[in-house]
Amino acid sequence: MPEQRKDLYEALGLQKGASDEEIKKAYRKLAKKYHPDLNPGDKTAEEKMKEVNAAYEILSDPEKKARYDQFGHAGVDPSYGGGGGQYSGFEDFDLGSIFDSFFGGGMGGGQTRRSGPRKGESIRASVTLTFEEAAFGCQKQITVNRVETCPDCGGSGAKAGTSAETCPDCHGTGQIKTTQRTILGMMSTSSPCSRCRGTGKIIKDPCPSCRGAGSLRKQRMITVQIPAGIDHGQTISVRGEGNAGQNGGPAGDIFVTVNVTPHEIFKRRGQDVMVELPVTFVQAALGAELEAPSIDGKISYNMPEGTQPDTVFRIRGKGIPNLNGRGRGDQFIKVKIEIPRNLTREQKDILRQFDETAGDAQFGEKKGFFEKMKDLFNK
């Protein structure tokens with residue numbers, strides 16, 4: 001009596017008669033779940049993967065699928081119940097290639113790409129700017145340690161006048177294919193070539209400058225163009241000045257983070273500039289033409305009489321330039337009224353006379369406050 005075997009559709013979690021697209025989709029899902037690379041040392045997952053592969057190997061072949069749909073296992077395995085038909089099992093089945101076709105080389109295919117062009121790694125650096133440098137832009141020099149293509153061998157790693165040879169073990173592919181016999185047939189897998197370390201080339205006479213690496217680490221001074229309006233913590237990208245690429249790939253980039261030192265007078269809020277301006281009691285009371293600082297230099301501003309403490313005046317277009325080069329922010333001047341100290345007797349007398357002659361109407365906030373207090377306590 002023939003042994004009982006699991007239904008192939010059931011092995012893929014499908015109903016009999018599933019379409020080719022449904023079969024492919026189910027296999028892709030289960031292959032990701034049970035692949036040995038994702039379940040190292042898991043015997044259950046390994047057996048499940050073999051079962052899934054066996055089912056897919058038959059159901060993905062229209063001729064075998066048709067025989068299986070009509071005769072079951074007997075239609076694809078002559079050893080099962082004496083049925084007709086040929087069963088190939090996993091004869092020379094390359095697990096890596098099927099994953100490459102499904103997942104773009106995600107299982108083992110990535111190592112093959114090592115021999116292709118690869119972009120160099122990026123470098124991170126920082127630069128410190130003054131408030132004004134950040135506002136108006138500047139050029140800065142930074143020092144970086146980066147990997148550069150060896151000038152003596154041009155990146156080949158081989159001594160001048162010689163060249164690298166194709167690896168005889170992997171024949172330049174960087175991969176070694178291994179075929180193993182399993183209970184389901186022959187299974188093929190690929191792994192990086194140990195002799196050439198996946199590069200596909202052997203260097204018999206290494207370049208003495210880079211010792212066969214094809215690259216050298218050098219300290220370089222790089223000029224960075226700082227755009228006007230950059231702010232603290234923002235990052236500038238310097239294209240193509242990072243580590244050298246491999247196998248003809250482009251160089252990486254440098255990402256420069258900006259640190260802006262605080263200013264003694266100005267404070268920044270986005271593209272606006274804030275400044276506190278001390279004025280005397282007399283200037284605030286009588287009004288005055290003020291000379292105020294700005295990032296462009298000194299500016300004049302007419303402060304009206306009766307200006308109250310902490311009044312903020314806005315001067316348009318005197319702030320930080322926008323990074324996109326269109327327009328500027330504004331400057332805000334906050335008035336800080338200073339109360340004089342160490343008055344002389346004469347000065348005190350003058351102030352007392354002023355206080356005696358000043359009516360409540362001249363102190364709007366004072367009048368309002370005392371009226372509210374009077375109402376509060378007369379309830």
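These values consider heavy atoms only, across backbone and side chains, with no hydrogens, waters or symmetry-generated copies.
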When rounded to the nearest 0.5 Å, the distance separating CZ of Arg220 from CD of Glu241 is 10.5 Å
Closest non-hydrogen atoms of Leu216 and Cys150, given as atom of the first, atom of the second and distance, are CD1-SG, 4.3 Å
query: Which word best sums up how the rings of Phe313 and Tyr301 line up, parallel for under 30°, tilted for 30 to 60°, or perpendicular for over 60°?
result: tilted
query = Salt bridge or not for Asp20 and Lys25, using N-O below 4.0 Å?
reply = no
Heavy-atom nearest pair, Pro321 first then Gln271, reads O-NE2, 2.7 Å
So CZ of Phe266 and CZ of Phe332: to nearest 0.5 Å the spacing works out to 14.5 Å
Original post:
Is any side-chain N of the basic residue among Arg269 and Asp231 closer than 4.0 Å to the acidic one's carboxylate O?
Top reply: no
Practice task
State whether a side-chain donor-acceptor pair under 3.5 Å links Asn53 with Tyr27.
Solution key: yes
Here the gap from Cys170 atom SG to Lys177 atom NZ, rounded to the nearest 0.5 Å, amounts to 14.5 Å
May I have the list of side-chain donor-acceptor pairs in residues 338-345 shorter than 3.5 Å, sequence neighbours left out?
from: Thr344; atom 1: OG1; to: Gln347; atom 2: N; distance (Å): 3.2
from: Thr344; atom 1: OG1; to: Gln347; atom 2: OE1; distance (Å): 3.4

Closest non-hydrogen contact found for Ala55 with Ala11 is CB-CB, 4.0 Å
Are Leu286 and Phe281 co-members of a hydrophobic cluster defined by side-chain heavy atoms under 4.5 Å apart?
-> yes
Practice problem: Check whether any side-chain N or O of Arg328 sits under 3.5 Å from a backbone N or O of Ile320 as a donor-acceptor pair, and report yes or no. | Solution: no
With side chains defined as the heavy atoms from C-beta onward, is the minimum distance between Ile23 and Lys65 less than 4.5 Å? yes
Sorted by chain and residue number, the side-chain hydrogen bond (donor to acceptor under 3.5 Å, both in side chains) partners of Thr223 (sequence neighbours excluded) come out as Gln141
Fill in: Cationic N near anionic O, under 4.0 Å, Lys48 to Glu51
yes
Rounding to 0.5 Å, atoms SG (Cys153) and NZ (Lys159) come to a distance of 12.5 Å
Quiz item: Do Asp330 and Ile315 have side-chain heavy atoms sitting under 4.5 Å apart?
Solution: no
Count the heavy atoms of every other residue, nucleotide or ligand shown that sit under 6.0 Å from CD of Glu346, and state whether that count exceeds 12. no
Note: Tyr56 and Lys24 closest approach over all heavy atoms is CE1-CA, 4.1 Å
Review point. Does the distance from a Lys or Arg side-chain N to an Asp or Glu carboxylate O, for Glu46 and Lys50, drop under 4.0 Å?
Key: yes
> Thr261 versus Thr128: any side-chain heavy-atom pair under 4.5 Å?
Replying inline: yes
Do Asp61 side-chain atoms and Glu63 backbone N/O form a donor-acceptor pair below 3.5 Å?
yes
For Ala158 and Ile203 the tightest heavy-atom approach is CA-CG2, 3.9 Å
### Task
Indicate, with yes or no, if Leu129 and Ile222 share a hydrophobic cluster defined by side-chain heavy-atom contacts under 4.5 Å among Ile, Leu, Val, Met, Phe, Trp and Tyr.
yes
Exercise. Output yes when Arg352 and Asp355 qualify as a salt bridge under the 4.0 Å nitrogen-oxygen rule, no when they do not.
Key: no
Arg146/Glu148 ion pair, N-O < 4.0 Å
yes
Check the pair Ile142, Val256 against side-chain contact (heavy atoms from CB on, under 4.5 Å), reporting the backbone distance first and the verdict last.
CA-CA 9 Å; Ile142 62 171; Val256 184; 3.8 Å; yes
### Query
Is the closest basic N to carboxylate O distance between Glu10 and Lys16 below 4.0 Å?
no
So CD1 of Ile226 and CD of Gln139: to nearest 0.5 Å the spacing works out to 9.5 Å
### Message
Is it true that, when you exclude Lys336 itself, more than 12 heavy atoms of the residues, nucleotides or ligands shown sit nearer than 6.0 Å to its NZ?
### Response
yes
query = Would a 4.5 Å heavy-atom cut-off, applied to side chains only, mark Leu59 and Glu22 as touching?
reply = no
Margin query: Could you see if Ile295 belongs to whatever hydrophobic cluster contains Leu290? Use Ile, Leu, Val, Met, Phe, Trp, Tyr and a side-chain cutoff under 4.5 Å.
Written below: yes
Exercise for review: Mark yes when over 12 heavy atoms from residues, nucleotides or ligands other than Gln234 sit less than 6.0 Å from its CD; otherwise mark no.
Suggested key: yes
### Query
Between Leu277 and Lys334, is any pair of side-chain heavy atoms under 4.5 Å apart?
no
Using the rule that two of Ile, Leu, Val, Met, Phe, Trp, Tyr join whenever any of their side-chain heavy atoms come within less than 4.5 Å, decide whether Val273 and Val260 are in one cluster.
no
Return yes if some donor-acceptor pair links the side-chain N/O of Thr357 with the main-chain N/O of Gln353 below 3.5 Å, else return no. yes
- Task: Check the pair Cys196 / Lys201 against side-chain contact (heavy atoms from CB on, under 4.5 Å), numbers first and verdict last.
- Result: CA-CA 6 Å; Cys196 67; Lys201 297 179 180 179; 5.8 Å; no
Count the heavy atoms of every other residue, nucleotide or ligand shown that sit under 6.0 Å from CD of Glu121, and state whether that count exceeds 12.
no
Please tell me if the side chains of Met303 and Val335 come closer than 4.5 Å, counting only heavy atoms from C-beta onward. yes
Can Tyr9 be reached from Val52 by stepping across I, L, V, M, F, W or Y side chains whose heavy atoms are under 4.5 Å apart?
yes
To the nearest 0.5 Å, atom CD of Gln246 lies from atom OG1 of Thr199 at 10.5 Å
Exercise. Look only at the side chain of Asp253 and the backbone of Gly240, and say whether a donor-acceptor pair between them is shorter than 3.5 Å.
Key: yes
side-chain contact (heavy atoms from CB on, under 4.5 Å) assessment of Ile236 paired with Ile230: CA-CA 9 Å; Ile236 302 167; Ile230 196 76; 4.2 Å; yes
Is there a side-chain contact between Ser122 and Asn243 (heavy atoms, below 4.5 Å)? no
Note to self: Contact between Ile254 and Ser237 at the side-chain level, heavy atoms closer than 4.5 Å - yes or no?
What the structure shows: no
Lys204 bridged to Glu165 by N-O distance under 4.0 Å: yes
Minimal heavy-atom distance between Asp152 and Cys207, with the atoms involved, is CB-SG, 4.1 Å
Check the pair Lys318, Asp296 against side-chain contact (heavy atoms from CB on, under 4.5 Å), reporting the backbone distance first and the verdict last. CA-CA 7 Å; Lys318 287 295 184 180; Asp296 295 312; 3.4 Å; yes
